[in-house]
Amino acid sequence: MLSSKSTLTPFKTAALLMGSSMLVLVACGKKEAVVEPEVIEKVAPPVVEVEAETPAPVIDEAPEAAVARTFVKNAETALAALANEESTVYWAYETNINDDTEAAVQMISARSTELSVKLAQEAGQYENVDVPYDVRRKLTILKQGLTLPAPSTEGAAQRLASLTTALSSAYSKGKIEFDGKTVPQNETELLMRNLKDPAKLQEVWAKWREATKAMQPGYAEMVAIVNQGAEGLGYADLGAMWRSGYDMDADAFADETDRLWGQVKPLYSELQCHVKYKLNDKYGDEVVPLDQPIRADLLGNMWAQGWSAIYDDVAPEGSGNPVDLNTALVEKGYDHLQMVRAGEDFFSSLGFDPLPETFWERSQFVKPDDKEVVCHASAWDLDNEDDIRIKMCINVDGDDFITIHHELGHNYYQRAYKNQPHLYKTGANDGFHEAIGDMIALSITPNYLKQIGLIDEVPNADADVGLLMQQALDKVAFLPFGLMVDKWRWQVFSGELAPTATDGKLSYNQGWWKLREEYQGIRPPVTRAGDAFDPGSKYHVPNSVPYMRYFLARILQFQFYKAACDQVGWEGPLHRCSFYGSKEVGTKLNAMLEAGASRPWPETLEMFTGTTSMDGSAVVDYFEPLMVYLQDQNKDRTCGW
């Protein structure tokens, strides 16, 4: 029940198709025969070609259908071969950033983009051919699966690879000067979590955004290139292409996200109101005026996406003492490996096989002293089989304890669908992949922590509202942020926003803050300059990781969790349920995971939950006692922003 930071499975490969389970190639978190970066030469490996092949005769199959079937078969073979190579290169880069690994990433990214664009364009040629279900689904995946498509013009893929690598490196290498010290990016997050002085919080917040504003010209150029690529594949822009990857029309998907937000918005609005008033009590009207949105730097997180660090400021009076997982981990002598072992144990209790020995040998658990690395937590599958890994710079604290469960959720998902065809080796939709580990984390209740010996006593029921507040500051506070990041990118890709304010259009940065105020009710602590590029301060923007998956995951994890609790016959308050040790849940969960992307996500969802619709009502059910408390606290307050 404690909070976690938002993490992801980065498919850093702008070119790799979504069906490749990503996180293959050195980019995400796996490690096969560890490739030392020094060994990677600045020479492009041989290009993987899709060889022509005479279609095997198929009874009662039209010639055009046979050609389409053969095309799909060859495409999968080519993508699988390149994916394994690419993951190794990306792993070397993210675990040792230097000139050589950057050059290797640029080369493999360009090759991957070129191949994926070629396959996507050819897949479109079979749009009107009558083919069996699997062939049609794979053709659609090939067409829609690119994250960043380049146009087929000469040099476009290479330029795109150069831009994306430069943006990624600028983020990971970013540093600020604070209190006489040079502070790397990952430590700026700790400052925002631990500092309490509004002036110092404002300083760190502003300096990190100063460090990333130079990304804007490169980002704008990248947008122009990928939009051309999306148009070449038949889409209005890249945003429309991204939205088309959810087994429904692009506009229908946008409406679906609005529907889900409508289900949970009342809960968020009550939480935002309560937090603003409590921060006003602490800091006064000058710092937190009640007639304005909340200052973004006061919420305990660099991006104001999760507010768990300010729990002490907003905790319900008389609600008892919620579990202090940070202290418990330290007092019980946990180190980074024990934290990962605890995550593995949870999955083992459900009947999943242990992680392979290579996981322990090849994962990055701590930040090296002698190398620049990407500390952002990620899960990897380097060979689309068994070479699964995580890449983290683990701190012994509650946030990382839960983050580990999240990343392992990716790994167990990757391993579950390893026997699927290559293009089906990914989640039913990208929200599924993010939701699995978080569903497990919801089962980290006080009862569970006592079961594994991390705490000695379970808090009384009078602590429940405090525990739910702790969860809401992470899970509920995140919801509008998870939604608006890609809503902003949709506006960027469609041309609704411009790099700089012009011709009646808002700039990238102005559009960013308009959405943050509209959805989150927050504002920047200082006036933003005309050349600011605050979206670049968030990992997923310069690294071009689609973000809607995290919003969907926040919905799906509660839906999955409630389904699991129903399966074990839980009858108490939903937030007290733990399905640790349930082989029945494990069996049904594994069946859903094994399906990968082989069926439309509504069918896969039904396998575990019994329904074909995503539903935010489980979020509301989970936090029902907190909602009652918040409404009571806010009854005489002026809410809204």
Side-chain angles (χ1 to χ4, degrees), residues 10 12-15 93 97 99 102-103 105-107 109-110 113 146-151 153-176 185 188 205-231 237-239 241-242 302-303 372 374 484-516 524 526-547:
K12 190 358 188 147
T13 92
Y93 164 72
I97 302 172
D99 291 344
E102 284 187 16
V105 161
Q106 289 185 30
M107 288 187 290
S109 177
T113 299
L146 280 165
T147 300
L148 296 179
T153 53
E154 185 176 354
Q158 290 82 357
R159 180 57 183 161
L160 179 59
S162 176
L163 288 167
T164 56
T165 303
L167 289 167
S168 176
S169 295
Y171 182 92
S172 295
K173 292 180 178 179
K175 298 177 176 63
I176 68 169
Q185 182 277 324
T188 65
W205 187 96
K207 283 184 173 179
W208 176 238
R209 282 150 184 81
E210 185 69 21
T212 62
K213 74 177 184 179
M215 296 176 181
Q216 195 253 44
Y219 191 82
E221 183 182 353
M222 182 201 74
V223 168
I225 293 173
V226 297
N227 267 344
Q228 290 179 36
E231 290 166 9
D237 56 63
L238 186 59
M241 183 173 168
W242 282 9
M302 179 61 83
W303 310 279
E372 293 277 3
V374 177
M484 59 77 49
V485 172
D486 273 358
K487 280 188 172 287
W488 173 80
R489 280 193 282 209
W490 296 348
Q491 292 179 1
V492 169
F493 295 140
S494 71
E496 183 177 341
L497 301 176
T500 57
T502 181
D503 297 329
K505 292 182 179 180
L506 297 178
S507 70
Y508 286 172
N509 214 57
Q510 289 171 330
W512 176 259
W513 283 106
K514 181 181 179 182
L515 287 170
R516 299 209 70 180
V526 294
T527 302
R528 307 312 296 139
D531 62 348
F533 185 58
D534 297 341
S537 71
K538 178 62 183 166
Y539 170 91
H540 303 72
V541 173
N543 285 274
S544 294
V545 178
Y547 211 74

Colleague: If every non-hydrogen atom of Leu160 is compared with every non-hydrogen atom of Ala150, which pair is closest and at what distance?
Modeller: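 Answer, listing the atom of Leu160 first, then Ala150: CD2-CB, 3.9 Å.
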
Colleague: If we only count heavy atoms from C-beta on, is the Tyr547 to Arg489 side-chain gap below 4.5 Å?
Modeller: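 Yes; the side chains approach each other to less than 4.5 Å.
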
Colleague: Which atoms form the tightest heavy-atom contact between Leu167 and Pro542, and what is the distance?
Modeller: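 Nearest heavy atoms, Leu167 then Pro542: CB-O, 3.5 Å.
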
Colleague: Can you tell me how far the CD atom of Gln106 sits from the CG atom of Leu163, to the nearest 0.5 Å?
Modeller: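 It comes to 9.0 Å.
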
Colleague: Lys487 versus Val485: any side-chain heavy-atom pair under 4.5 Å?
Modeller: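 No; the side chains remain at least 4.5 Å from each other.
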
Colleague: Using 0.5 Å steps for rounding, measure from the CH2 atom of Trp208 to the NZ atom of Lys175.
Modeller: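 Spacing of CH2 (Trp208) from NZ (Lys175) equals 9.0 Å.
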
Colleague: Distance check, rounded to the nearest 0.5 Å: Gln216 atom CD versus Glu221 atom CD?
Modeller: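 With rounding to 0.5 Å, CD (Gln216) is 11.5 Å from CD (Glu221).
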
Colleague: Short question: side chain of Trp303, backbone of Ser537 - any donor-acceptor pair under 3.5 Å?
Modeller: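 Yes.
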
Colleague: Main chain of Tyr508, side chain of Trp488: is a donor-acceptor contact present, judged purely on distance under 3.5 Å?
Modeller: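 Side chain of Trp488 to backbone of Tyr508: a pair is present.
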
Colleague: Shortest non-hydrogen contact from Ile97 to Ser169?
Modeller: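 So the minimum-distance heavy-atom pair works out to CG2-OG, 4.5 Å.
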
Colleague: Taking Thr165 for its side chain and Ser162 for its backbone only, find out whether a donor-acceptor pair lies under 3.5 Å.
Modeller: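 The answer is no, because no donor-acceptor pair under 3.5 Å joins these two groups.
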
Colleague: In Å, rounded to the nearest 0.5 Å, how long is the span from CG of Asn543 to OG1 of Thr147?
Modeller: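 With rounding to 0.5 Å, CG (Asn543) is 12.0 Å from OG1 (Thr147).
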
Colleague: Let me confirm one number: the CH2-OG distance from Trp513 to Ser507, rounded to the nearest 0.5 Å.
Modeller: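 Rounded to the nearest 0.5 Å, the CH2-OG separation comes out at 12.5 Å.
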
Colleague: Are Tyr539 and Val374 packed together at the side-chain level, in the sense that at least one heavy-atom pair is separated by less than 4.5 angstrom?
Modeller: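 A side-chain contact exists here, since the closest heavy-atom pair is under 4.5 Å.
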
Colleague: Just so I know, are the side chains of Lys213 and Asp531 near enough to count as touching, which here means a heavy-atom distance under 4.5 Å?
Modeller: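 A side-chain contact exists here, since the closest heavy-atom pair is under 4.5 Å.
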
Colleague: Please check if the side chain of Ser168 supplies one atom and the backbone of Thr164 the other of a donor-acceptor pair under 3.5 Å.
Modeller: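 Looks like no, no N/O pair under 3.5 Å.
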
Colleague: Look up atom CE in Met302 and atom NZ in Lys538, then write down how far apart they are to the nearest 0.5 Å.
Modeller: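 Between Met302 CE and Lys538 NZ, I get 10.5 Å after rounding to 0.5 Å.
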
Colleague: Should we count NZ of Lys514 as having more than 12 external heavy atoms under 6.0 Å?
Modeller: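 No, NZ of Lys514 has 12 or fewer neighbouring heavy atoms, counting only those of other groups under 6.0 Å.
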
Colleague: Is Asp534 reaching over with its side chain to a backbone N or O of Asn509, donor-acceptor style, under 3.5 angstrom?
Modeller: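 No; judged by distance alone, with no hydrogens or angles, the pair does not exist.
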
Colleague: Are Asn227 and Asp237 close enough that a side-chain donor and a side-chain acceptor fall under 3.5 Å?
Modeller: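 Looking only at side-chain atoms, Asp237 and Asn227 do not form any donor-acceptor pair under 3.5 Å.
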
Colleague: What are the two closest heavy atoms between Ala230 and Pro149, and how far apart are they?
Modeller: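 Taking Ala230 first and Pro149 second, the nearest heavy atoms are N-CG, 3.6 Å.
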
Colleague: Taking the side chain as every heavy atom from C-beta outward, state whether Met222 and Tyr219 have any atom pair closer than 4.5 Å.
Modeller: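 They are in side-chain contact.
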
Colleague: Show me the side-chain donor-acceptor pairs of residues 493-501 shorter than 3.5 Å, one per line, residues at least two apart or across chains.
Modeller:
| residue | atom | partner | partner atom | Å |
| --- | --- | --- | --- | --- |
| Ser494 | OG | Trp490 | O | 3.2 |
| Ser494 | OG | Gln491 | O | 3.1 |
| Ser494 | OG | Glu496 | N | 3.4 |

Colleague: For residues Glu102 and Tyr93, report the shortest heavy-atom separation together with the two atoms involved.
Modeller: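 Shortest heavy-atom contact: CG-CE1, 3.6 Å.
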
Colleague: Measure across Leu148 and Thr113 and return the closest heavy-atom pair with its distance rounded to 0.1 Å.
Modeller: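 Shortest heavy-atom separation between Leu148 and Thr113 comes out as O-CG2, 4.2 Å.
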
